[in-house]
Amino acid sequence: MTQQPPAPEPQPEPRSRPEAIKAVPVRHPGRWVAIVVIAILAAMFVHLLVTNDRFEWSFMIDNMFRPPVIEGVKTALVVTVLAMAIGITLGIIAAIMRLSTNPILAGAGWVYTWFFRAIPRVVLLVLFGNLGILWERLEFGIPFDRQLGALFGIHDFSARLFGFDARTAISGFTAGLIGLALSEGAYMAEIVRAGIQSVDPGQAEASSALGMSRGLTLRRVVLPQAMRVIVPPTGNEMIAMLKDTSLLAFVPVTNELFFQLSAIGSRTFKVFPMLVAACLWYLAMTSILMIGQYFVERYFSRGYGTAQKAKARLRDITAESGGGTP
Amino acid sequence: MTQQPPAPEPQPEPRSRPEAIKAVPVRHPGRWVAIVVIAILAAMFVHLLVTNDRFEWSFMIDNMFRPPVIEGVKTALVVTVLAMAIGITLGIIAAIMRLSTNPILAGAGWVYTWFFRAIPRVVLLVLFGNLGILWERLEFGIPFDRQLGALFGIHDFSARLFGFDARTAISGFTAGLIGLALSEGAYMAEIVRAGIQSVDPGQAEASSALGMSRGLTLRRVVLPQAMRVIVPPTGNEMIAMLKDTSLLAFVPVTNELFFQLSAIGSRTFKVFPMLVAACLWYLAMTSILMIGQYFVERYFSRGYGTAQKAKARLRDITAESGGGTP
Amino acid sequence: MTDLTVTGDAPGAPEPSAPRTGEMVRVENVYKSFGSTEVLKGIDMVVRPAEVCCMIGPSGSGKSTLLRCVNHLEKINAGRIWVDGDLVGYRERGGKLHELREKEVAAQRRAIGMVFQRFNLFPHLTAIENVMEAPVRVTRLAKSTAKTEAAALLDRVGLADKLLNYPAQLSGGQQQRVAIARALAMRPKLMLFDEPTSALDPELVGEVLDVMKGLAKDGMTMIVVTHEIGFAREVGDTLVFMDGGVIVESGDPRVVLANPQHQRTKAFLAKVLS
Amino acid sequence: MTDLTVTGDAPGAPEPSAPRTGEMVRVENVYKSFGSTEVLKGIDMVVRPAEVCCMIGPSGSGKSTLLRCVNHLEKINAGRIWVDGDLVGYRERGGKLHELREKEVAAQRRAIGMVFQRFNLFPHLTAIENVMEAPVRVTRLAKSTAKTEAAALLDRVGLADKLLNYPAQLSGGQQQRVAIARALAMRPKLMLFDEPTSALDPELVGEVLDVMKGLAKDGMTMIVVTHEIGFAREVGDTLVFMDGGVIVESGDPRVVLANPQHQRTKAFLAKVLS
Amino acid sequence: ACGDKESSDTSSSPAPTVAADSALAAKVPDAVKSDGKIVVGTDSTYAPNEFLDTDGKTVIGFDVDLFNAVAAKLGLRTEWVSSKFADVIPGVLSGKYEAGVSSFTINPERKAETNMVSYFNAGTQWAAKTGATIDPANACGKKVAVQASTVQVDDITAKSKACTDAGKPAITIEQFQGQDQASASVVSGKNDAMLADSPITAYAVKQTNGQLALVGDIYDSAPYGYVVKKDQTAYAEALRDAVAALIADGTYKQILTKWGVEAGAITTPALNP
Ligand SMILES: Nc1ncnc2c1ncn2[C@@H]1O[C@H](COP(=O)(O)OP(=O)(O)OP(=O)(O)O)[C@@H](O)[C@H]1O
Ligand SMILES: Nc1ncnc2c1ncn2[C@@H]1O[C@H](COP(=O)(O)OP(=O)(O)OP(=O)(O)O)[C@@H](O)[C@H]1O
Ligand SMILES: [Mg+2]
Ligand SMILES: [Mg+2]
């Protein structure tokens, strides 16, 4: 190795700043081809929309804001909110059951999630729409949150508090709502469980080392952190639920959006414009929810090393532009 | 602090092992109540199944293995496999587009995923079932993987290679399959993207520091690791797809399982047993897929600190039984 | 000082039933296995009030496990542990052991502060909220009182200006000091430290050790698992060297460090001090 | 030794256009910002072949960023970097800079090995597959040849018996040694180390430093960011102290460590050596 | 849009008022009349027999007007519940609905399970795109749209089988969930022809502004029937007598004329004809 006396001026004074690098960028011809293809396809699609008279735009616009359609939109939103609210409640209960150390509770939670996740929602909803076939009266002896059980056989339970006509009660709207909520509960159970399990066990440990009880730990330490993991998929579930309200048309729930739009189609035989209208309505509604979800997610990641996250994201981007990450 | 001479025997000889602790466990009366409630509900459900003659078990069993039903099961499986295969391909393409630094490519990928994720599958399928309304002939000038564009306006594209009667081609089975595949592609795009982004950027950095190209890095370093994140939700997608084949009944695809079972139900006026049969078929099929998924997931987590994972899991369990984690 | 009294009993003799007075921690012939691997193989140890007991030993020797057994985060398989005269995790009644209920275990743990290698601060709470959490929720202290006390504690660990920072906005050393303050907030009689500085950048180690030295000076009973030999020499009243699930050697830190008796101790110290 | 020649030019004078011969790395007046924060503020540095240049400095001073600029993992905003006489990341043609194509950047990087603080081994490949990956895929070496060479390299870093282990089955020190072997497999002319031992347990630091000492003895040119002052003193030909994005002081490690000229250096060394 | 206007016109014209007949009312089982209304299951996607009005709620159509009159004769109101076509009869059998009114053609299978009261005569009528030539009797190799679960499915399946038995190409049958989609598919040219009950086809031709034309004659004329449970014969007889009374007092004719389906009028309703 070279041996030299140390440089005479050990503290470098930074010289004047050199010119910033403005390099000629590398060309990507392949990309341009792809862009041209996309442009052509987009143009053709627009051309189709404009020239093909089967779209019947004016008819569509006339009809897609009629009061019954607006009613359908409201129904979709109301069902989404109600089914999600019930579903989240059921989901938390089922998740805690599944995480119980008691095998019977855990098993019951498992059966519930397994059953309702394994059956297509549309089959479930049609089935629930026909549940009235089983009984003529329903009678309740246990509170509402046991409705699952109630649905499946309460008619010979002795502690009857009140009863009603099953044929009217479990049909249409109610049947659809219950079906969606039970199904959602099973999905939410999995999400909540994953969220709870995602929290570093060190957190629960630290909490119990401080003398906090299991319930306190769950409520104050684990669940708030699990929220970060729970919220994004719950947002997705919400959006999925909004879309799945379209399945209510097959229960059938007549004041549902898709049913109403189809009804206009069937009255006038202009099926296609009304399907396009359905697409547009759902596009609009889900897009709004997606925007909402974006903000909710942002809110829930507050305080969690936002700085690091931003840094990581920045690093990705710069590494990418430097030719690093794909 | 107490000052004592060091213990006379600094090396303790472990004494004979003391008796193992066998303590009387703590009782959980609340749990027993929950278990009794679950048992009663289960008993009532079984009672319902056995005593309510609307289930018509023998009729159901007679009919749920008829050749057209078996045909329907096959259709469900074939559609699942095909739609997933096309969907995964589309998803990878769309994910890479969305991760591109070029805003037009990224934008096109975004529009695709946005559109197909925002519209309910059932609406999409009914729409695709009626797409034949738009054209009488379809002609192709670009390869099959551009079918998306083709569907939306290829009829005035000049480079016609071959064409066919749109009314037959885009109906029933084909329409349903394309609709499901396009929709799946959008979901898979999100999954693949999340998978790629989940890989530690340090991996791509290490890879490019070794002089590996972007493509090589993607193929050899990033994707294999992304698989761990991609495979589990893909399994879920597969199961969801199997369930969503039931929506083909509304395209309609007549040799689909749910359509066939419904047809038997409506022919014989025994709708309810056939709905139960549909539930059983889907339960069976999705359960098998779930088991498959379990093994696939296990395979894909090999080599990734299995030891640590097992340790972490064990730690959870023991901490739990020690009263730590909820 | 800890004296590893190999109690006078012959092997197999009946267990002595209670700790002597003037002992903060008594660990008696403790065994602990995970599945089929035995991690602790007959540990005996006594820590007197106001004593600082430092534990060293190679990775996997069972140091963390022993600490975790002391506050019943792990259940031991055999033996007994007493803290401040109370049997940990069990009640002996009619010659039989009964598991304590969750509440009772929690009450025992309140007397024992624990500081983890990876801090385990609650990331969704600010520094002061981390410190207030247990007093407010567990001992039901009024919020305002808890706040004042928490601020005082954070001041004591040198973080008076970081009260409202989230853990992610603090350096490792600062996080660990918050963790110490959080443990102190429950006014423990005993503090357990599990390698409190090993996840820290070398520059940040000093600030945490300083806080611990302060605690020791104030007369806190402490068990400290550490690789900081300097700290053990300066602050420790006893040094315990563990290897393979047993205590190989223990005594005055200066004596043990200068003149280890056992081959395994010598080998380990040679590595660590190099 | 590195000499931080503040080249004779007056401020604002035109840039010197090429490195002198006999220089492995030449960094000239390099600036680098992330967004609005400037991280490197006019760095000048020369590393001659077979020289070991150690860099120290507080967290955030820009050490890692400088290393990452040397192999173009980060793009610099102003200044020039040459490695072995080639401009890094650009081609100067007709007085204009042109970005190199991806392939050309990759080719430059092959001559530069890099070892990261967090190892960044490929977790889905065994130790030997990690080492073989780049030779087989990038330089298209025959698999059998690559395997022999990889085994030899792993033997050289003392891991002849761990060829088939996955990274998760190796200790931190072993992983880091695999990472060094992986970088060596591309036969680099220059090795960059970014705090290669700071993520390791104290017991494991030595084994990695030993491997690095061996490399230095074999005449590898190395830039090493480290907090291991002992290593810098023993192995380094130059010690560079960075702070706040500038090089504050540099020279013979023994001289700088024994007799730092600058207040900031003194303060930093006082902390680290305590 | 003109279809809209028409349906709102028809629905706004008042239905004839009908006086209750207490003798008939007495024959209605208590289970049905205790709440003063008949719960009717119907598939409201079958214009002009039963379909949703522009308000998206009210079920209208000639079936509706007629059965409302029948119920009024029995001193009862009606509650129309939209259902899937295939679910109506099972709903009646289970007691979910107290009557099924959804253009049910009386056929042996249905008669075997339920009591059916005839009230109208409908046949099967084909339609195709205006100008297309298709022979309903020989549609081999053509593509034909039909609504799932209707009698026309059996009809067209049999016709297709006849084709293949004769060595000719089979008929491509596309079954839709709703009649609207079936008709729309013919308008678009996706299918060559459709077949449905005669009033439905006539209405579709009218609604599509001349894009569709009737082909061939009405055949397989068969009565529509109200569906009630097999064990409620007295109730079925009451319905039958109520229809007869409406025929007698002219209300029947008035309703059919209002909807332009008077061609299917019958003279004597019957139980399980
Ligand atoms: N929950 C657990 N399940 C299974 N094995 C465990 C568990 N916790 C610890 N072990 C094992 O017990 C042994 C002792 O672990 P422990 O963490 O007590 O060692 P340590 O002395 O603290 O080591 P270190 O210095 O690495 O922290 C190790 O072999 C470890 O793998
Ligand atoms: N990708 C990035 N985006 C934004 N800021 C960055 C990025 N990488 C580094 N920085 C910032 O640049 C500064 C210098 O970082 P650098 O990692 O080079 O420091 P360092 O001297 O290596 O410190 P350490 O000893 O902590 O590794 C820091 O303030 C850091 O936050
Ligand atoms: Mg430990
Ligand atoms: Mg760094």
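Since the structure is predicted, the reported quantities are computational estimates derived from the model, not experimental observations. Chain A is the first sequence line, chain B the second, and so forth, proteins listed ahead of strands; every chain is numbered from 1.
The parts of D:Arg182 that come within reach of chain B are both its backbone and its side chain, each placing non-hydrogen atoms under 4.5 angstrom from that chain. Proximity to chain B (any heavy atom under 4.5 Å) is shown, for D:Ala107, by neither the backbone nor the side chain. Using a 4.5 Å cut-off between heavy atoms, D:Leu192 does not touch chain B at all. Using a 4.5 Å cut-off between heavy atoms, D:Phe122 touches chain B through backbone and side chain atoms alike. Within the 4.5 angstrom heavy-atom criterion, only side-chain atoms of B:Leu216, from C-beta onward, approach chain D. Heavy-atom distances place no part of D:Gln108 under 4.5 Å from chain B, backbone and side chain included.
With respect to chain B, the highest number of heavy-atom pairs below 4.5 Å among D:Arg110, D:Glu133, D:Arg137 belongs to D:Arg137. Your options are D:Ala111, D:Ala106, D:Ala185, and the one with the most heavy-atom pairs under 4.5 Å with chain B is D:Ala106. In terms of heavy-atom pairs under 4.5 angstrom with chain D, the leader among B:Gly202, B:Gly211, B:Ser207 is B:Gly211. Taking chain B as the reference chain and counting heavy-atom pairs below 4.5 Å, the highest number among D:Ile112, D:Thr126, D:Val138 is found for D:Val138. Between chain B and the residues D:Leu121, D:Asn71, D:Thr139, the largest count of heavy-atom pairs under 4.5 Å involves D:Leu121.
Considering NE2 of D:His124 and CZ of B:Arg220, their distance stands at 6.5 Å, rounded to 0.5 Å.
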Stepwise side-chain contact (heavy atoms from CB on, under 4.5 Å) test for B:Glu205 and D:Arg68: CA-CA 10 Å; B:Glu205 216 157 74; D:Arg68 291 163 55 79; 2.6 Å; yes
Start with the C-alpha distance between B:Met212 and D:Arg109, add both sets of side-chain angles, then the distance that settles side-chain contact (heavy atoms from CB on, under 4.5 Å), and finish with yes or no. CA-CA 9 Å; B:Met212 288 169 78; D:Arg109 287 195 186 126; over 6 Å; no
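Shown here is D:Lys213, whose NZ atom has more than 12 heavy atoms of other residues, nucleotides or ligands within 6.0 Å.
Proximity of a side-chain donor or acceptor of D:Glu102 to a complementary backbone N or O of B:Ser213 within less than 3.5 Å is not detected. A donor-acceptor pair is defined here as one N or O able to donate and one able to accept, closer than 3.5 Å; no such pair exists between the side chain of D:Asn120 and the backbone of B:Ala206.
Nearest heavy atom pair, residue B:Leu210 against residue D:Ala183, reads CD2-CA, 4.3 Å.
Side chains of B:Gln225 and D:Pro123 form a contact here, defined as non-hydrogen atoms less than 4.5 Å apart.
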